[in-house]
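Residue indices begin at 1 and follow the sequence shown.
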Amino acid sequence: PHTQRSKAKPELHVSLANSITIDCLLALQFTLYLATTMADDPASFANLDDVQVSSFHLDLAVDFASKTLKGYVEIKAKALRESSKILLDTRDLAVSKVEDSKGNSLKFELAKAHEVFGSKLEITLASSVPSGSEAAVRIFYSTSPQSSAIQWLPPANTAGGKHPYLFTQCQAIHARSMLPCQDSPGVKSTYTATIAVPNPLVALMSAVQAEGSGKKEGETTYYKFSQPVPTPSYLVALVVGALEERKIGPRSSVWSEPEMVDAGAFEFADTEQYLKTAESIAGPYVWGRYDILLLPPSFPYGGMENPCLTFVTPTLLAGDKSLATVVIHEISHSWMGNLVTCKTWVDFWMNEGFCRFLELKIIKALFGEKHFDLHACIGLKALRESIKLFGEDHNYTKMRPELKGVDPDDAFSSVPYEKGMNFLIYLENLVGGDKIMNPLLKEYCSTFKYKAITAEQFKDFFLKYFSGKIDNEVLESIEWEKWWTTPGMPYKANKLDTSLLDACIKAAEKCYGGKVVEASEARKWDTSQTVVFLDKLEDIQMEVIDTAKKDNREQKEKEKFKALLSELDAKCAFSKSKNSEICFRWYKLGIRAGLSSTFQDAIKFVTSQGRMKFVRPLYRLLFDSPEGKKLALETFQARRKNYHAIAAKMIAKDLKLSSEQSLITMRARGHGDLDCRGQRVKQRSSSESQNKDIAAKVQADRGISVECTCIH
């Protein structure tokens, strides 16, 4: 391994980044945060109330032949109380030895693997560490080719077709399959890294390149990185490939393969404008660089907010910048989620709800007030669809679901995005509008920067901030628990301006009535308005077909929609659109109507990219269609290896090729009702029946996505 290239024992690199001077206040705040934070995360084996990792150094070699990362991680952990053990999360890692800072071997044990949460790594220190002191350990390990965090692409699956490629996706609990860590969003650590890659490939991370990066030794290049801002494990990211850079601003570049990098630079040219607008609302951008990595098509999300290096899907390349505002959502995460983070996945709404709120405020500042409400309305449709999938009373439709014994991936949907944002819209309207709420957002980011917090902490902060500024009766009227724990749609509905939607909705209604929209009218709409039109047409289609099923008129209505869609496409050419959001909605309409030309187009679409927002609903609709069920199964079985592990797992569930719910799977395999700490989960008969019913609901799904199904 490259870590043995020198006879000298490597020094521990667990100190904060040597090449970057850390602001004293940041360091002090982070130390105080570690000393006071306590977390009980049911998705982590780590003894978070005993010790917390404050910094780590990765030294890894990338081996494409074996599809593994090999090397070591050096961890420095602060004792919150006296402790002789460090417990870490792992999954599918081969740990060969553990040493202390002097090179002495330490006793360690890897527990039996848990179906969802992996294996606990228990390290016994040479002696107890007093509260407030630090312990340093070096863990030598290698990843597995089956690592759920890492996707290894052969040259054939890249744009260039000449070199292999790898990228990681660690959210929610996949970092443990890349490195031994405290894999909880409540633990934030600074980190450095040295990554050895074969020439001529380039490595990038969710960090800035450090001094000496890019040194070549023979057939290998060593890249060095530093992330001086405390970061949770799910935001550790690595990419290795034939990458080129194009500068698009004073602090931003687009990185991608040569075949796509110029298209990405054109599409995301307005990034600096988005950053400046975000700073005017939320405060200074603390991460230094904001680069964008345009990934190969198998990336399972629209974007991932990895610090310093946002990952985005090539499905955003519409050629006209119409989908580039997805970057606004990822930029917003630089404050909401990355800077201030939810302590556990129960409060995921604090990442995504706050992010959506800031995202729409940026859109409002750039494009006008009505666009805030336009995008909020689109988000409400996504929310209704997710709730219909799970069931109105299901645990996963709460802002704060119960997640003991649950894989957080299974609970992710548009619920935390849209219910979280609607709660914040409600609070803003309650206190008097954005002129009063915006200063709170800036203060929120300043107060909790570099920290992970709970909903209760936000509540206390909100009430204290407005105490004396807002009438006490108004503040006391906020029913926090009902907002957080009521399943289904938001506890209270917000009044939104629908003026940008109304014409599109009326056009869809007229279309079903026989007056198909003219191309001249459709050309006046932007992408969001076209989405509203197609979404409304889908709503009409679902309602009409569902009603027709009751009196055996389903086929007649499908034939009517076939004719309607054919005429509509002849005028507006939606089937030929280069915009992925429009294509996705068009294919849903066509599959449900049984329009034969749509089936092959949809198959081509789901096999040309792996974005879960698109592929999961289309696979489910095909599976639920008499004409498409066999096609869906055969296509997925043939192409499964081309999808990211996370996407493949979720599609398999949708197609009934694996257990419906991870909790049910654990029961079936003898784990019982246990969370990852081995604690028994409280029985809830209604929740159990809901979990068992989910498979049937998925089959009846009308196209719901785990990813937020709004434009962004």
Side-chain angles (χ1 to χ4, degrees), residues 67 91-92 115-116 144-159 161 164-167 169 174 177 295-301 313-315 389 407 409-410 412 580 583-584 587-588 590-592 594-662 664-666 668-669 694-707:
K67 296 183 179 179
R91 181 161 59 211
D92 297 326
E115 174 74 20
V116 174
S144 161
Q146 290 75 43
S147 167
S148 61
I150 309 170
Q151 183 164 24
W152 302 85
L153 299 178
N157 285 10
T158 65
Y165 196 109
L166 82 79
F167 66 88
Q169 172 60 35
H174 301 281
S177 69
L295 280 156
S298 58
F299 183 56
Y301 298 101
T313 169
T315 63
L389 168 64
D407 184 343
D409 284 344
D410 290 345
F412 283 5
S580 58
C583 289
F584 167 58
Y587 298 149
K588 287 198 294 178
I591 293 170
R592 196 174 288 109
L595 188 63
S596 58
S597 60
T598 307
F599 283 78
Q600 288 303 321
D601 288 343
I603 289 297
K604 184 178 179 180
F605 187 63
V606 299
T607 55
S608 66
Q609 48 81 37
R611 187 178 177 185
M612 289 195 293
K613 174 179 180 178
F614 298 148
V615 298
R616 290 192 65 198
L618 290 175
Y619 266 117
R620 290 196 295 254
L621 277 172
L622 287 167
F623 184 78
D624 197 32
S625 164
E627 306 95 324
K629 184 171 185 176
K630 182 180 178 182
L631 185 61
L633 290 168
E634 290 178 347
T635 300
F636 177 65
Q637 294 285 35
R639 299 296 188 104
R640 181 170 186 160
K641 291 183 179 179
N642 294 344
Y643 292 111
H644 188 276
I646 298 171
K649 176 185 72 172
M650 302 309 293
I651 297 168
K653 288 185 177 184
D654 293 338
L655 301 184
K656 312 301 181 295
L657 297 177
S658 66
S659 299
E660 297 86 13
Q661 286 284 78
S662 57
I664 296 174
T665 303
M666 286 186 281
R669 300 194 179 187
I694 253 206
K697 290 182 179 294
V698 168
Q699 186 170 350
D701 170 44
R702 299 298 190 257
I704 318 304
S705 172
V706 148
E707 184 186 1

Would you compute the distance between atom [atom1] of [X] and atom [atom2] of [Y] and round it to the nearest 0.5 angstrom?
X	Y	atom1	atom2	result
S608	I603	OG	CD1	11.0 Å
F636	Y643	CZ	OH	7.5 Å
I646	D407	CD1	CG	9.0 Å
L166	W152	CG	CH2	5.0 Å
L622	K629	CG	NZ	12.5 Å
D410	F412	CG	CZ	10.0 Å

Step by step, work out the side chain to side chain contact (heavy atoms under 4.5 Å, CB included) result for F623 and L633. CA-CA 7 Å; F623 184 78; L633 290 168; 3.9 Å; yes

Would you name the heavy atoms of [X] and [Y] that are closest together and state the gap between them?
X	Y	value
F605	S580	CZ-O, 3.9 Å
P314	L295	CD-O, 3.0 Å
S177	A149	OG-N, 3.0 Å
N157	P296	O-CB, 4.2 Å
G610	A647	O-CB, 4.1 Å
S148	R91	OG-NH2, 3.0 Å

With side chain to side chain contact (heavy atoms under 4.5 Å, CB included) as the criterion, how do D654 and Y619 come out once you've worked through the C-alpha distance, each side chain's angles and the decisive distance to 0.1 Å? CA-CA 8 Å; D654 293 338; Y619 266 117; 5.7 Å; no

Side chain to side chain contact (heavy atoms under 4.5 Å, CB included) assessment of F599 paired with I591: CA-CA 6 Å; F599 283 78; I591 293 170; 4.3 Å; yes

Checking R611 against T315: is there a side-chain donor and acceptor pair closer than 3.5 Å? yes

Going by atom types alone, do S298 and Q151 pair a side-chain donor with an acceptor below 3.5 Å? yes

Backbone N or O of A632 within a donor-acceptor pair of the T635 side chain at under 3.5 Å? no

Side-chain contact test, heavy atoms from C-beta onward, threshold under 4.5 Å: evaluate it for [X] versus [Y] and give yes or no.
X	Y	result
P155	P164	yes
L657	Q637	yes
M612	I651	no

Please lay out, stage by stage, how D409 and K653 fare under the test salt bridge (Lys or Arg N to Asp or Glu O under 4.0 Å). CA-CA 12 Å; D409 284 344; K653 288 185 177 184; over 6 Å; no

Are the ring centres of H644 and F167 closer than 6.0 Å? yes

Can you check side chain to side chain contact (heavy atoms under 4.5 Å, CB included) on N642 and T607, steps first, answer last? CA-CA 8 Å; N642 294 344; T607 55; over 6 Å; no

